[in-house]
Number of protein chains: 2
Amino acid sequence: MPGRPDPARRSRTPLSRLRVLSAAVALADEGGADALSMRKIAQRLGVVPMALYKHVANKDELLDGMIDTVVGEIDPPVEGADWRTTVRLRVLSARRMLLRHPWASAVIETRMKERPAPTPAVMAYLDEMIGVFRAGGFSLDLVHHAMHVMGSRLLGFSQELFVDSPSPAAPSSSPSPPPEEMAARYPNIAELAGAVAHDAGSVVGAGCDDQYEFEFALDLTLDGLERLRDAAA
Amino acid sequence: MPGRPDPARRSRTPLSRLRVLSAAVALADEGGADALSMRKIAQRLGVVPMALYKHVANKDELLDGMIDTVVGEIDPPVEGADWRTTVRLRVLSARRMLLRHPWASAVIETRMKERPAPTPAVMAYLDEMIGVFRAGGFSLDLVHHAMHVMGSRLLGFSQELFVDSPSPAAPSSSPSPPPEEMAARYPNIAELAGAVAHDAGSVVGAGCDDQYEFEFALDLTLDGLERLRDAAA
DNA sequence: ACCTGAACACCGTTCAAGT
DNA sequence: ACCTGAACACCGTTCAAGT
């Protein structure tokens, strides 16, 4: 069949910005931001690297597109619920997104710092969140404070300080010292870790329940905000 | 003078791990994490790239060393003050460090996620922080919660969601739409921004006082923790 | 006009050849 | 034994040559 394009090179559907971004997100989900490269995205799409530049200006703009893609996955605000429920559900949805895309928080944070303005989806997300607070009776001043207080719980940091089960693929380059030495060097961490592992009655296995901890912190912050609001009224 | 080493290549002091890490931190401070490369560090030290590998195993281990370097810059806990003052001063010192090294929070966060254990300086920092809470009369359970609640305020996210004055070097690849269109698309952000810029009585210039906002959020969180502690007693 | 291969200026790291 | 240049397998992006 002369003139027929090489099947290995031809993709079923034509290339598009959406297909490029989807492939990029999938690649980053699998191997982290370091494993992401224009060349690998092209390879996965069965396309020559330069073909990507028809749909994204460069790698920087690709990263912005990836942020918009994943932030767009956050559930929209629920209708008809009170402000507190709405904020709570939304932040928990954002957290699930960040857990699905572990590379996202660092990329978002870096972008936030060096770009003049966040990407459109981030802007929309923050805007909707402000609207929820306003509808809940918060003054402008208090909404301003509230956004700062929520801080990284809105986006950009998924709160896992201690990973109890290290990722299976992670090669421990420097093997951690034996538990006794760890306990001697960091007595308070050891004491805390012991207590947490000990009284884990309802929690399956050792270590702490990240989901519970996240919601605990979130609820405490929300309590404080509500108290401030009522005091101002 | 035959046999004399080339002065352009010879460095005054001999290469050491500390000099390598210092050069790496300085390079990242100037150009961000992307501008950091083994080759550029070597060039700055007047040394051949491979010479660095005598003092750091690879770039991953270099990044770990850089984290330890900057986390080591955080002031030690003050002696003789109550727990609240001590935590407050320490977290504010950590924030100053993160502002000095804008690349650090993203690097720390990425590292926290893929490494089984944080670097020694991070471990020591967290350990001391736990000790301060314990000395303040917090139960083990409550300290555990407290560390989660403090979350990214301890390390890793510097809270600047909106940069009022974009960094001078930042070339606006996609020029932001005119203010009217921004206000139409994001009415709540616009309303908030207007209010903040308007009633900036004591604050010099437009925009919000990041320092004030950071301390406001911190104090609110601390209030909540103290209330919990007293209720448990 | 559109597409794309080669090329350019990088990168981290290996390794063998030099002293 | 130590040091280091060349080399390898990458990378993002430019650009000219091909259709």
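These numbers were taken from a predicted model, which means no experiment stands behind them. In what follows, chains carry the letters A, B, and so on, assigned in the order in which the sequence lines appear, proteins first and then strands, with residues in each chain numbered from 1.
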Atom [atom1] of [X] and atom [atom2] of [N]: how far apart are they, to the nearest Å?
X: A:L62; N: D:dG12; atom1: CG; atom2: P; value: 9 Å
X: A:I41; N: D:dG12; atom1: CD1; atom2: C1'; value: 11 Å
X: A:L52; N: C:dT4; atom1: CG; atom2: P; value: 11 Å
X: B:K40; N: C:dC11; atom1: NZ; atom2: C1'; value: 10 Å
X: B:Q43; N: C:dC11; atom1: CD; atom2: C1'; value: 14 Å

Query raised in the report: Distance between the P atoms of C:dC8 and D:dG18, in whole angstroms?
Result: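 About 16 Å, rounded to a whole number of Å.
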Query - NZ on B:K54 to OG on B:S16, rounded to 0.5 Å - result: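 Here the interatomic distance stands at 14.5 Å.
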Query raised in the report: Once you round to the nearest 0.5 Å, how far does CE of A:M123 lie from CG of A:D127?
Result: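 It is 7.5 Å, given to the nearest 0.5 Å.
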Query - Sequence-aligned protein contact record of nucleotides 13-19 of chain D, with B where the base is within under 4.0 Å of a protein heavy atom and S where only the sugar-phosphate is - result: BBB----
**Report entry** Ion pair A:R96/A:E73, N-O distance below 4.0 Å
**Finding:**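 A:E73 and A:R96: not salt-bridged.
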Query raised in the report: Does A:R44 pair with A:E30 as a salt bridge, N-O distance under 4.0 Å?
Result: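 Yes, A:R44 and A:E30 are salt-bridged.
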Requested in this report: Mind running side-chain contact (heavy atoms from CB on, under 4.5 Å) on A:V107 and A:H101 for me, showing each step along the way?
Outcome: CA-CA 10 Å; A:V107 172; A:H101 308 292; over 6 Å; no
Report summary line: Of the candidates C:dC11, D:dT4, C:dC3, the side chain of A:K54 sits closest to C:dC3
Query raised in the report: For A:D60, which residues count as a salt bridge (charged side-chain N to carboxylate O under 4.0 Å, His left out) partner, sequence neighbours excluded?
Result: A:R111, A:R115
Query raised in the report: Which stems does DNA chain C form, counting runs of 3 or more consecutive Watson-Crick or G-U wobble pairs with both distances under 3.5 Å?
Result: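 Stem list for DNA chain C: C:4-8 with D:12-16, C:12-16 with D:4-8.
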Requested in this report: Just do the side-chain contact (heavy atoms from CB on, under 4.5 Å) check on A:L62 and A:I41 with the steps written out, would you?
Outcome: CA-CA 11 Å; A:L62 174 90; A:I41 298 167; 3.8 Å; yes
Requested in this report: Report the residue from A:L126, A:I108, A:T119 that forms a side-chain contact (heavy atoms from CB on, under 4.5 Å) with A:V71.
Outcome: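 The passing option is A:I108.
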Requested in this report: Any chance you could lay out the side-chain contact (heavy atoms from CB on, under 4.5 Å) test for A:L36 and A:L63, step after step, and finish with the verdict?
Outcome: CA-CA 10 Å; A:L36 188 76; A:L63 288 170; 4.1 Å; yes
Query raised in the report: Mapping A:A35 and B:A51 onto DNA chain D by nearest heavy atom, which one lands closer to the 5' end?
Result: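 With A:A35 and B:A51 compared, the 5'-side residue is B:A51.
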